[in-house]
Structures are given as structure tokens and as C-alpha cells.
Amino acid sequence: MIVAILGICMIWVVTNQVITAVEKKKYPPIGQLVEVNGRDIHVYTKGKGENTIVLLTGLGTTAPALDFEPLVNELSKDNKVVVVEPFGYGWSDTTNKKRTVENSVSEMREALQKSDIKGPYILMPHSVSGVYSMYYANKYPDEVKAIIGIDPTLPQALDYFKEEAPNIPSLMSVLAPSGVARLALLTSPNQYLPLAEEGTYTAKNLKITKAISSWKGYNKNVVDEAKELNNNINKTVDMSFPSKIPVMIFTRKIDKKEEGKSNITFYQNQLSRVSSQKLVVLQGHHYLHWTKYREISKYVNDFIDTSINSSTRK
């Protein structure tokens, strides 16, 4: 029985590797690959305009360039939009470097520079990349024109809500090469897909998202990023938004915090020292861009016109 089980496991591992090789050839990168520290990072760009918006992904979103697609399509009508897929995500390679905030920001900056995408940028972080954007804006303020967050995780949130950082068991990164993500998709086909109305994402997008999720699900970089989150927060917890950089945040209304605290009161506190700021509350999932991409795009363009371009002209 044990020999039979081991045999089945070996057949599955080999089958997964063969399928992955075929899929990678069938679905080449939709953007360009640039070399950073000896490995490739995938950079997807669409649109033209006076402003360059850099979309930054949340933890564990296996195919960021595809996940952001509806929002990219809207924003790129008036702006240059860029998605830099970090190591371990999408068509980017994996790396042996720790997923520290310093490494993540340094790699993103180098990928943008090598792609000849010049700043200053409008950073648009989703979820955990809010921590990276906070670091970026404080470390390189001249390279950041504005920050527009999509339900972003900010360094002070854990202390404010007395919560623990999310974690992913280390065992997952060990199992990842065996095809555990592909097996998960076989048992639950929609596990890695956006929760959006039919037609929001093309059939091709969803098919490629499933394929990339099978290659990259639970890989060592994503697991390490989760484990490094507490350290990254400790390095940035004393940082705040630079007062002269315009900031807009999209969030959801969640009234379940004690002592009158909510995500809205938290963000209001974070924005209180910013001279040009806006908080927009929308109904939807933590991944607001899955369903609210049109509304987000309109708010972004209005904010750019009233708070970013106007201050630049002055």
C-alpha cells in the first residue's frame, strides 16, 4: 500500500512538471522581462499619459498583471499604468533573497528603471503592499508623486487593532514543487479566481490565471513574504505618509471593531497629517478592484486632476 501511494505521488509530481512546462510555453509573458539580481522580473505596461501609475499587488495574488486587468484597462485610457510582478508572482522568477521591505522596494525600483519607466510615480498599492509603499515614500520621496491605496495594509494597523499578521505554514513552500496548488485547483477550480461578475475577466485571462496559480501557488517567496511581514512592519511602524505627498485611500465599511475603532477611523487617523488627502468608502470585497474598477478609475482621475496635476503646475 505504501509503495503504491508513493508511486502515485511520483507520477503526479512528474505529470505536474510536464503540464507546467507545456503551459509556460503556451502562455508567454504579456509584458517584458527585466533582469534584477540575476533573475527575471515581469513588468507589464499599458497606456500613455502625463502620470505613471504603478500597481502593487497584495500577498498571495498569484498573477497580479491578470488580477488587475479590468482596472488597468480603465486607468490606461488616461494614464500610463504599470504592474511590476514581484519575485514569486506571475511570470517573474523566484529568488533566494529574503522578502524584506528593503529588498522588495529595491527590486521594484530596479525593474522600473531597467524598463525605462521614469518617475516620479503614483504608487497604487493593494493590501500588504501598502507597507512597501510607505517605505518607498519615506526612503525615496522625490520618486513618489502620490499614493493611492486599495484597502492597503499600513504599518500601524496591527497595533491599532491589536491583531496578528497573517501567516502561511512553511510546509506549503516545501510542498509547492510537488504540484499541491494544481491539485487544489482540481478540487476547487475557482479558488484562485476573482470574485467578479461574468464577463469582467475574459475566458483567456481566467485560464492563464489558473495556469500561473498552478505554477506559483504557495511558492517559497510568497511563504517567506508572509513570515517576514512582522519584521517589515517593525521597520516601518514609525513611518507616516509624507505630508506633502497627496494620498487617497479606497476602503470598505467594516463596523466590527471594538472601542469605536474601524478601518475608516484608522485611515482617517493615518491621513490626518497629509495636506492633500481623500478617503473613499466603497462596498465590495477586500479586492475592491474586482468589482469597483470603473468607480476607482473615475476617483483616481479626479484626484489626479484636482490634487496632483494642480499641485505640480503650481
Quiz item: So, E74 side chain and S297 main chain: donor-acceptor pair closer than 3.5 Å or not?
Solution: no
Practice problem: Write down the atom of Q270, the atom of F241, and the distance for their closest heavy-atom approach. | Solution: O-CD1, 3.7 Å
Quiz item: So, for A65 and I30, which heavy atoms are closest and what is the spacing to 0.1 Å?
Solution: CB-CD1, 4.1 Å
Quiz prompt | Side-chain heavy-atom pair V72, Y293 within 4.5 angstrom cut-off | solution = no
Exercise. Check V280 against K278 and note the closest heavy-atom contact, atom names and distance.
Key: CG2-CE, 4.0 Å
Quiz item: Roughly how far, to the nearest 0.5 Å, is OG of S127 from CD1 of I150?
Solution: 10.0 Å
Quiz prompt | L56 side chain near P152 side chain, heavy-atom distance below 4.5 Å | solution = no
Practice problem: For S272 and N269, test the side chains for any donor-to-acceptor distance below 3.5 angstrom and give the result as yes or no. | Solution: no
Quiz item: Does the side chain of V180 reach to within under 4.5 Å of the side chain of R182, using non-hydrogen atoms?
Solution: no
Practice problem: For T95 and F87, indicate whether the former's side chain and the latter's backbone hold a donor-acceptor pair under 3.5 Å. | Solution: no
Quiz item: Backbone N or O of D302 within a donor-acceptor pair of the T306 side chain at under 3.5 Å?
Solution: yes
Self-check item: Residue among Q113, K118, K114 satisfying side-chain hydrogen bond (donor to acceptor under 3.5 Å, both in side chains) with D116
Solution: K118
Exercise. Go through the steps to decide whether R252 and V281 satisfy the test side-chain contact (heavy atoms from CB on, under 4.5 Å), and finish with yes or no.
Key: CA-CA 5 Å; R252 306 163 292 156; V281 181; 5.9 Å; no
Quiz item: Out of curiosity, N190 CG to T209 OG1, how far, rounded to the nearest 0.5 Å?
Solution: 11.5 Å
Exercise. Using atom types as modelled and distance alone, determine if a side-chain donor or acceptor of N219 lies under 3.5 Å from a backbone N or O of K216.
Key: yes
Quiz item: If two hydrophobic side chains count as joined below 4.5 Å and joins carry through other members, does L193 share a cluster with W91?
Solution: no
Practice problem: Tell me, with the steps shown, if D93 and I41 meet side-chain contact (heavy atoms from CB on, under 4.5 Å). | Solution: CA-CA 6 Å; D93 289 337; I41 282 183; over 6 Å; no
Quiz item: Taking atom CG of D78 and atom NZ of K48, what is their separation to the nearest 0.5 Å?
Solution: 14.5 Å
Self-check item: Side-chain touch I147/I122, heavy atoms, less than 4.5 angstrom
Solution: no
Quiz item: For residues D67 and T61, is any side-chain donor paired with an opposing acceptor at under 3.5 Å?
Solution: no
Exercise. Go through the steps for T291 and H285 under the test side chain to side chain donor-acceptor pair (under 3.5 Å), then give the verdict.
Key: CA-CA 8 Å; T291 56; H285 192 276; over 6 Å; no
Quiz item: Just by distance, with hydrogens left out, do T236 and N232 show a side-chain donor and acceptor under 3.5 Å apart?
Solution: no
Quiz prompt | Side-chain donor-acceptor contact under 3.5 Å, K253 with N263 | solution = no
Quiz item: So, for P125 and G130, which heavy atoms are closest and what is the spacing to 0.1 Å?
Solution: CB-N, 3.6 Å
Quiz item: Got a second to check how far L75's CG is from R294's CZ, nearest 0.5 Å?
Solution: 12.5 Å
Practice problem: Report the C-alpha distance between L55 and V82 in whole Å, list the side-chain angles of each, state the deciding distance to 0.1 Å, and finish with yes or no for side-chain contact (heavy atoms from CB on, under 4.5 Å). | Solution: CA-CA 6 Å; L55 286 161; V82 183; over 6 Å; no
Practice problem: Specify whether Y192 and Y218 have parallel, tilted or perpendicular ring planes, treating 30° as the upper limit for parallel and 60° as the lower limit for perpendicular. | Solution: perpendicular
Quiz item: Are any non-hydrogen side-chain atoms of N37 and E107 less than 4.5 angstrom apart?
Solution: yes
Self-check item: Within-4.5 Å side-chain heavy-atom neighbours: N230 and L158
Solution: yes
Self-check item: Whether Q156 side chain and V237 backbone form a donor-acceptor pair below 3.5 Å
Solution: yes
Quiz item: Parallel, tilted or perpendicular: which fits the ring planes of W290 and Y287, with parallel below 30° and perpendicular above 60°?
Solution: parallel
Quiz item: Is it the case that E225 and Y89 place a side-chain donor and acceptor less than 3.5 Å from each other?
Solution: yes
Quiz prompt | Smallest separation among heavy atoms of N221 and G88, with atom names | solution = OD1-N, 3.5 Å
Quiz item: If you take all heavy atoms of N103 and K98, which pair is closest and at what distance?
Solution: ND2-O, 2.9 Å
Quiz item: Given the rule that I, L, V, M, F, W and Y join up when any side-chain heavy atoms are under 4.5 Å apart, are V13 and I19 in one cluster?
Solution: no
Quiz item: Strictly by modelled atom types, are E23 and W215 linked by a side-chain donor-acceptor pair under 3.5 Å?
Solution: yes
Quiz item: Looking at CD1 of I264 and CG of L279, how far apart are the two atoms once the value is rounded to the nearest 0.5 Å?
Solution: 6.5 Å
Quiz item: Backbone N or O of G217 within a donor-acceptor pair of the T62 side chain at under 3.5 Å?
Solution: no
Self-check item: Check: N96/K220 side-chain N/O donor and acceptor closer than 3.5 Å
Solution: yes
Quiz item: Within the distance-only criterion (no hydrogens, no angle test), does the side chain of K80 pair as donor or acceptor with the backbone N or O of T45 below 3.5 angstrom?
Solution: no
Quiz item: Is it the case that more than 12 heavy atoms not belonging to Y160 sit under 6.0 Å from its OH atom?
Solution: yes
Self-check item: Row check, Y135 ring normal vs K235 NZ/CZ: under 6.0 Å, within 45°
Solution: no
Quiz item: Should I148 and V247 be marked as a side-chain contact (heavy atoms from CB on, under 4.5 Å) after you check the CA-CA gap, both sets of side-chain angles, and the distance that decides it?
Solution: CA-CA 6 Å; I148 300 175; V247 180; over 6 Å; no
Quiz prompt | Side-chain touch Q32/V34, heavy atoms, less than 4.5 angstrom | solution = yes
Self-check item: Pair N79-N301, side-chain donor/acceptor within less than 3.5 Å
Solution: yes
Quiz item: Applying the 4.5 Å side-chain criterion to the ILVMFWY set and letting contacts propagate, would L288 and Y201 be lumped into a single cluster?
Solution: no
Quiz item: Is R99 reaching over with its side chain to a backbone N or O of K97, donor-acceptor style, under 3.5 angstrom?
Solution: yes
Practice problem: On the 0 to 90° scale, with breaks at 30° and 60°, tag the F161-F266 ring pair as parallel, tilted or perpendicular. | Solution: tilted
Self-check item: Pairwise side-chain contact, N16 with L183, heavy-atom cut-off 4.5 Å (strictly under)
Solution: no
Self-check item: Flag, side chain of S129 to backbone of H126, donor-acceptor distance under 3.5 Å
Solution: yes
Exercise. Could you tell me whether a side-chain N or O of S115 sits under 3.5 Å from a main-chain N or O of A111, the two making a donor and an acceptor?
Key: yes
Quiz item: According to the interplanar angle, ranging from 0 to 90°, do the rings of Y136 and Y121 count as parallel (below 30°), tilted (30 to 60°) or perpendicular (above 60°)?
Solution: perpendicular
Quiz item: Quick one: does NZ or CZ of R109 land under 6.0 Å from the six-membered ring centre of Y140, within 45 degrees of the ring axis?
Solution: yes
Exercise. Report the distance from atom CG of L33 to atom CD of E85, rounding to the nearest 0.5 Å.
Key: 9.5 Å
